[in-house]
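Worksheet for the structure shown next.
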Amino acid sequence: MTLPRLAAEDIALHEAAIDFLNDAELGPAAPDRLAQVRYEIATTGTYRHTYDELTLGALIAWRNSARCIGRLHWRSLRVLDRRDCTTAEEVAQACVEHIRFSANGGKLRPAITLFAPQRPDGERIRIWNPQLIRYAGVRMPDGGVVGDPMNVEITDLAIRLGWRPKGGRFDVLPLVIQMPGEGPRLFELPQDAVDEVDIAHPDLPWLADLGLRWHVLPAISDMSLDMGGLRYTAAPFSGWYMTTEIGARNFGDEARYDLLPEIATRMGLDTSSSRNLWKDRALIELCVAVAHSFRSAGMRIVDHHQASKQFVRHVQREREAGRGTPADWSWIVPPVSSSTTEAFHRYYDAPDSGRGPQLVHQDGPPVGGCPVSH
């Protein structure tokens, strides 16, 4: 069969596709498959991955993810193929299905849902939320924020689209989904799809009175999966939390819920000087409360010591397989008691943003928000 010639603008995509299909872990691809891909690119400007290609690419992308400490489990990733979704309603429903599947009643399992990749004309599907489940950050007239300050921009966009926050510190944001050629649209998450844990402490009963809670499933939804020259711009990916992500960062960071002063004061600590390490003591108790609460509720979570041991085991396994382990040290090393963990006392391969499937950070909504559909 004589194959059609490639247009100049299709050559780079074809080369990337061939490199991917001939990767040692996937290929070498059969001649018929290579011919099929060349024909699709020459006639349509793109091509379609098989499910096996999609799955292996997603697994390798997770294994390559330099900021993830949980990669020991990369082979257990479940790939949910939803390239069939053509409307915002279908994408939203698939996201809800992803949440239910991955949360799994507290026995969390890693999963990625892949929607149709970016089209040759640049049009794409975007889920503008940084995670499928996040709490709103509502700007107040006095300059303060009710809720999570990290999420003020996506909250602003949701409000512009007609969403009305309830006024609490833990209001679950709706999904903001944009399809090719359309403006963004809002979709509320069903209440029974969002598992949350009320935070209490085993030894400090007053902590339960603060009304703290957190959602069980971390599901990143603003990254793209780039593989074989195609970019899957809507690719929500989820695993499970490490205790310090919630206790130290979400609750403890000054730019987030900034709870350390209140916790320390209620503990009877002097917060006028850092010399007595009041922040450290309050931080540890917050992490204790998160771990205790999740485990009491039967929800999967991992502490930073366990996660570090698992990551070191992953590095060893990769070395035995003849592979390096790209890692961003500042993300791999936990933010609490760092030097007591195994991950601290090591150097890692530099992150590689070159060849191979990659999970890639994307820009958020344009400043001022996206054009709004009416």
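Identified under the ring pair (Phe, Tyr, Trp, His ring centres under 6.0 Å) test for residues 265-291, with sequence neighbours left out: none. Every pair passing salt bridge (Lys or Arg N to Asp or Glu O under 4.0 Å) that includes a residue from residues 41-67 is listed here, sequence neighbours excluded: Glu25-Arg63, Arg33-Glu53, Arg63-Glu318, Arg67-Asp328. Sorted by first then second residue, the ring pair (Phe, Tyr, Trp, His ring centres under 6.0 Å) pairs that include residues 135-167, not counting sequence neighbours, are Tyr135-Phe170, Tyr135-Trp214, Tyr135-His215.
Rounding to the nearest 0.5 angstrom, the gap separating the CG atom in Leu173 from the CZ atom in Arg134 is 9.5 Å. How far CG of Leu6 is from NE2 of His14: 5.5 Å, rounded to the nearest 0.5 Å. Taking CG of Leu77 as the reference point, atom CG of Leu56 lies at 11.0 Å (rounded to 0.5 Å). Put simply, NE2 on His314 and SG on Cys68 are 8.5 Å apart, with the number rounded to the nearest 0.5 Å. One distance of note links CE of Met179 with CD1 of Ile125; it measures 4.0 Å at 0.5 Å rounding. Rounded to the nearest 0.5 Å, atoms OG1 (Thr325) and CD1 (Ile332) are 9.5 Å apart.
Counted by atom type alone, Ser238 and His98 present one or more donor-acceptor pairs between their side chains at under 3.5 Å.
Hydrophobic clustering places Phe311 together with Ile301 (ILVMFWY residues linked when any side-chain heavy atoms are closer than 4.5 Å, directly or through intermediates). Follow the hydrophobic side-chain contacts under 4.5 Å out from Phe115 and you never reach Leu225; the two are in separate clusters. Cluster annotation: Val91 is connected to Ile133 through the hydrophobic network of ILVMFWY side chains, with a link wherever side-chain heavy atoms come within less than 4.5 Å. Hydrophobic clustering places Leu259 together with Val197 (ILVMFWY residues linked when any side-chain heavy atoms are closer than 4.5 Å, directly or through intermediates). Both Ile41 and Leu54 sit in one connected hydrophobic cluster of ILVMFWY residues. Membership requires side-chain heavy atoms under 4.5 Å apart, directly or through other members.
Under the 4.5 Å side-chain criterion, counting only non-hydrogen atoms from C-beta, Thr46 is not in contact with Gln118. Using a 4.5 Å heavy-atom threshold, the side chains of Asp10 and Pro120 count as separate. Side-chain atoms of Arg185 and Glu89, non-hydrogen and from C-beta on, do get closer than 4.5 Å to each other. Side-chain contact between Cys95 and Ile127: present, with at least one pair of heavy atoms (C-beta onward) separated by less than 4.5 Å. A 4.5 Å side-chain heavy-atom check between Pro174 and Leu189 finds every atom pair outside the cut-off. Between Val290 and Phe251 the shortest side-chain heavy-atom distance falls below 4.5 Å. Proximity of Arg100 to Glu97: side-chain heavy atoms (C-beta onward) are nowhere separated by under 4.5 Å. Residues Thr243 and Phe294 form no side-chain contact, since every pair of their non-hydrogen atoms from C-beta on lies 4.5 Å or further apart.
Between Val333 and Ala343, the shortest heavy-atom contact is CG2-O, 3.9 Å. In plain terms, the two heavy atoms of Ile199 and Ser293 that are nearest each other are CA-OG, 3.4 Å. Taking both residues in full, the closest heavy atoms of Ser339 and His345 are given as O-NE2, 2.7 Å, listed atom of the first, atom of the second, then distance. What you find for Ala193 and Val96 is that their closest heavy atoms are CB-CG1, 4.1 Å. Of all heavy-atom pairs between Ala282 and Ile263, the closest is CB-CG2, 3.9 Å. Nearest heavy-atom pair, Asn129 versus Ser221, reported as atom, atom and distance to 0.1 Å: O-OG, 2.7 Å.
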Step-by-step side-chain contact (heavy atoms from CB on, under 4.5 Å) determination, Val336 to Asp280 | CA-CA 9 Å; Val336 174; Asp280 308 72; over 6 Å; no

side-chain contact (heavy atoms from CB on, under 4.5 Å) between Ser308 and Thr340: does it pass, once the steps are laid out?
-> CA-CA 10 Å; Ser308 293; Thr340 68; over 6 Å; no

May I have the step-by-step check of side-chain contact (heavy atoms from CB on, under 4.5 Å) for Glu196 and Val172, ending in yes or no?
-> CA-CA 10 Å; Glu196 295 177 281; Val172 176; 4.3 Å; yes

side-chain contact (heavy atoms from CB on, under 4.5 Å) between Trp331 and Ile69: does it pass, once the steps are laid out?
-> CA-CA 8 Å; Trp331 280 74; Ile69 195 174; over 6 Å; no

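For CZ of Arg281, the number of neighbouring non-hydrogen atoms (other residues, nucleotides, ligands) closer than 6.0 Å is 12 at most. Within 6.0 Å of atom CZ in Arg249, 12 or fewer heavy atoms from other residues, nucleotides or ligands are found, so the atom counts as exposed in its surroundings. Remark: Gln310 CD is packed, more than 12 non-hydrogen atoms of other residues, nucleotides or ligands lying under 6.0 Å away. Heavy-atom neighbours of Arg78 CZ from other residues, nucleotides or ligands within 6.0 Å: at or below the threshold of 12. More than 12 heavy atoms of other residues, nucleotides or ligands shown are found within 6.0 angstrom of CG on Asp84. Counting non-hydrogen atoms of neighbouring residues, nucleotides and ligands closer than 6.0 angstrom, the CE atom of Met299 exceeds 12 such neighbours. By the 6.0 Å contact criterion, CD on Glu254 is open, its count of non-hydrogen atoms from other residues, nucleotides or ligands being 12 or less.
The aromatic ring centres of Phe20 and Tyr47 sit 6.0 Å or more apart. The aromatic ring centres of Tyr51 and His49 sit 6.0 Å or more apart.
No donor-acceptor distance shorter than 3.5 angstrom exists from the side chain of Asp148 to the backbone of Tyr257, with no hydrogens or angles considered. Checked by atom type and distance alone, the side chain of Arg300 pairs as donor or acceptor with a backbone atom of Leu108 at under 3.5 Å. Asn64 contributes a side-chain N or O that, together with a main-chain N or O of Pro357, makes up a donor-acceptor pair within less than 3.5 Å. Side-chain atoms of Asp81 come within 3.5 Å of backbone N or O of Arg83 as a donor-acceptor pair. Side-chain atoms of His201 never come within 3.5 Å of backbone atoms of Ala208 as a donor-acceptor pair (strictly under, hydrogens ignored). Side-chain atoms of Ser102 come within 3.5 Å of backbone N or O of Arg109 as a donor-acceptor pair. Panel note: side chain Gln362, backbone Thr233; a donor-acceptor pair is recorded below 3.5 Å. For Asp171 (side chain) and Ala136 (main-chain N/O), no donor-acceptor pair under 3.5 Å exists by modelled atom type.
Looking at Arg313 and Glu342, no side-chain N of the basic residue comes within less than 4.0 Å of a carboxylate O on the acidic one, giving no salt bridge. A salt bridge is defined here as a Lys NZ or Arg NE, NH1 or NH2 lying under 4.0 Å from an Asp or Glu carboxylate O, and Asp156 with Arg139 meets this definition. A salt bridge does not link Asp258 to Arg256: none of the charged side-chain nitrogens sits closer than 4.0 Å to a carboxylate oxygen. One finds a salt bridge joining Asp303 and Arg295 here, because a Lys/Arg side-chain nitrogen approaches an Asp/Glu carboxylate oxygen to under 4.0 Å. In this structure, Arg231 pairs ionically with Asp226, as a charged nitrogen and a carboxylate oxygen lie closer than 4.0 Å. Look at Arg266 and Glu262 and you find a salt bridge, because one of the NZ, NE, NH1 or NH2 atoms lies within 4.0 Å of a carboxylate O, short of that distance.
Cation-pi check for Arg126 over Trp128 is met; the charged atom lies under 6.0 angstrom from the ring centroid and within 45 degrees of its normal.
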